Protein chains: 2
Amino acid sequence: MILTVTLNAALDITYRVPALTPHATHRVTEVGERPGGKGLNVARVLAALGHEAVVTGFAGGRTGAELRDLLAPLPVRDALVPVAGTTRRTVAVVDGATGDTTQLNEPGPTVTADEWSAFLDAYASLLRDAEAVALSGSLPPGIHVGAYADLVRRARAAGVPVLLDTSGEPLRRGVAARPDLIKPNADELAHLTGAREPLRAVRDARRRGAHAVVGSLGPDGLLAATPDGLWQAAPPAPVAGNPTGAGDSAVAGLLSGLVEGLAWPDRLARAVALSTATVLAPAAGEYDAAAYAELVGRITVTERSATA
Amino acid sequence: MILTVTLNAALDITYRVPALTPHATHRVTEVGERPGGKGLNVARVLAALGHEAVVTGFAGGRTGAELRDLLAPLPVRDALVPVAGTTRRTVAVVDGATGDTTQLNEPGPTVTADEWSAFLDAYASLLRDAEAVALSGSLPPGIHVGAYADLVRRARAAGVPVLLDTSGEPLRRGVAARPDLIKPNADELAHLTGAREPLRAVRDARRRGAHAVVGSLGPDGLLAATPDGLWQAAPPAPVAGNPTGAGDSAVAGLLSGLVEGLAWPDRLARAVALSTATVLAPAAGEYDAAAYAELVGRITVTERSATA
């Protein structure tokens, strides 16, 4: 199975309003709820690709219980660890007039030292059956900034390939712990390396410790610096849609490709096709399976020269 | 006891953000939750005034359970009726830079015919012990627009004085059922009567069926058309603050004054002092007890001539 870790899982709420006007009162015309958090999205895509996916992280309080209820019918195994605090909500307010989304993210429960220690036990036991692990998203309050570095080291000690998808200081520290793969976007790359130029930034991020670095460049696709070479993979044409979850779909593509032993160009083609099919899907964080099937053979993967 | 009816109770959530920017992502810095809905606010103020207060209406789902948990430690009795649907949330987003609030209100659960019938049984039984009843707020989906008119008639048939505080068509129909008191604001009065001039509007609203009409004129206080005469009651000076819940505090003042047999000028003075003390309180929907005690003797109540 493939394990995904979501330390700050969320109940994702979507409100549709006719038009969002600051300082006014709005009647919400449509309320949606789904289990949220980047690792949960990754796991759903992995399951759709035919992999056994297990989600861990924390869940607590009424929103945690609701999250688990929503997770139960999905083809992913719930191995979330209980916390005394309450799982956060995120509220996405979709403006019906423009289609734009305004996002409000609660901070999440404060995780105690005992809860973190219970999680580490669960993580160790889950790693025993894992073919690969993805560590995704922000850290909830109470968890030390080096937590991902710790989880990377434990995965490597257990011989399980580990992908890290986070940002800021947790990413910087995590990279130093030598993960097999990181998937930063252009902003995260620039923040990590100080380099704005993507090719320079992915190579610099590798030097900092990551064995492979796949930078996501939005509509320009993915740029990968790996032990086997440098590649850029791009969709046949730019697409319009909702980019929510596109990065998580790319992570699922990369991780499933790794587990299946695909060559880098094929992993990258799968990841770009999945993330493009996610932008094209009407619901945020889902992907359009027909679009994926149609796109996966049409991704351009170009080898780049290290001196470019 | 005094009964308050909140057919569309809510879990009121408050999010504080540094500054609200449409179409951006916000990290919420503070999350607040309280039991919400106008009748629940009225009951809390009645309890603070020393009255036994009972709340009824509907509650269901996880948010309904959370609402009841938050209600449990308060000095009001929970007589909410279960529904299969889920109690709505309201989200108030407070902009830390300006202090302004953007409000998002979910529609509420759809109430079935059987649930409405169970509510009517509970209402009939609660009316037997009630000295007065307040019917407050909007109707949830599934409840017919004449529901408040029905509840007004049942209260009158049981000999219980009834105050109606709603808007739109439910108010129009409710007024025709001859409630003892309505408390519209200037907009609701204009919508009900077509008259913009407050004195004309409150008198016209009485002719439509309400035995007494107390119009709330915001910072100008209350204007009352009653069987005993016409009065205007105003605070000694305008106050700045959060007007959320000020109308509910006025309702509690009017209803407690009625039950205690106060003369109209004293009821109005109490209602204006309570609603002013609510604007002055830092938390939305609470009132500042010290400010109330100081204000109640300083409210100007002026008799108005019917021909003014």
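What you see below is based on every heavy atom in this structure, not just the backbone, and it leaves out hydrogens, waters and symmetry mates. Numbered from 1 within each chain, the chains take letters A, B, ... in sequence-line order. Because the structure is predicted, anything quoted here is derived from the model rather than measured.
- Identified by a heavy-atom distance below 4.5 Å to chain A, the contributing residues of residues 63-85 of chain B are A65(B), E66(B), D69(B), in residue-number order.
- Among residues 92-106 of chain A, the residues having any heavy atom closer than 4.5 Å to a heavy atom of chain B are, in sequence order, V93(A), D95(A), T98(A), D100(A), T101(A), T102(A), Q103(A), L104(A), N105(A), E106(A).
- At a heavy-atom cut-off of under 4.5 Å, chain A is reached by no residue from residues 182-193 of chain B.
- Contact annotation for residues 17-31 of chain B against chain A (heavy-atom separation below 4.5 Å, listed by residue number): V17(B), L20(B), T21(B), P22(B), H23(B), A24(B), T25(B), H26(B), R27(B), V28(B), V31(B).
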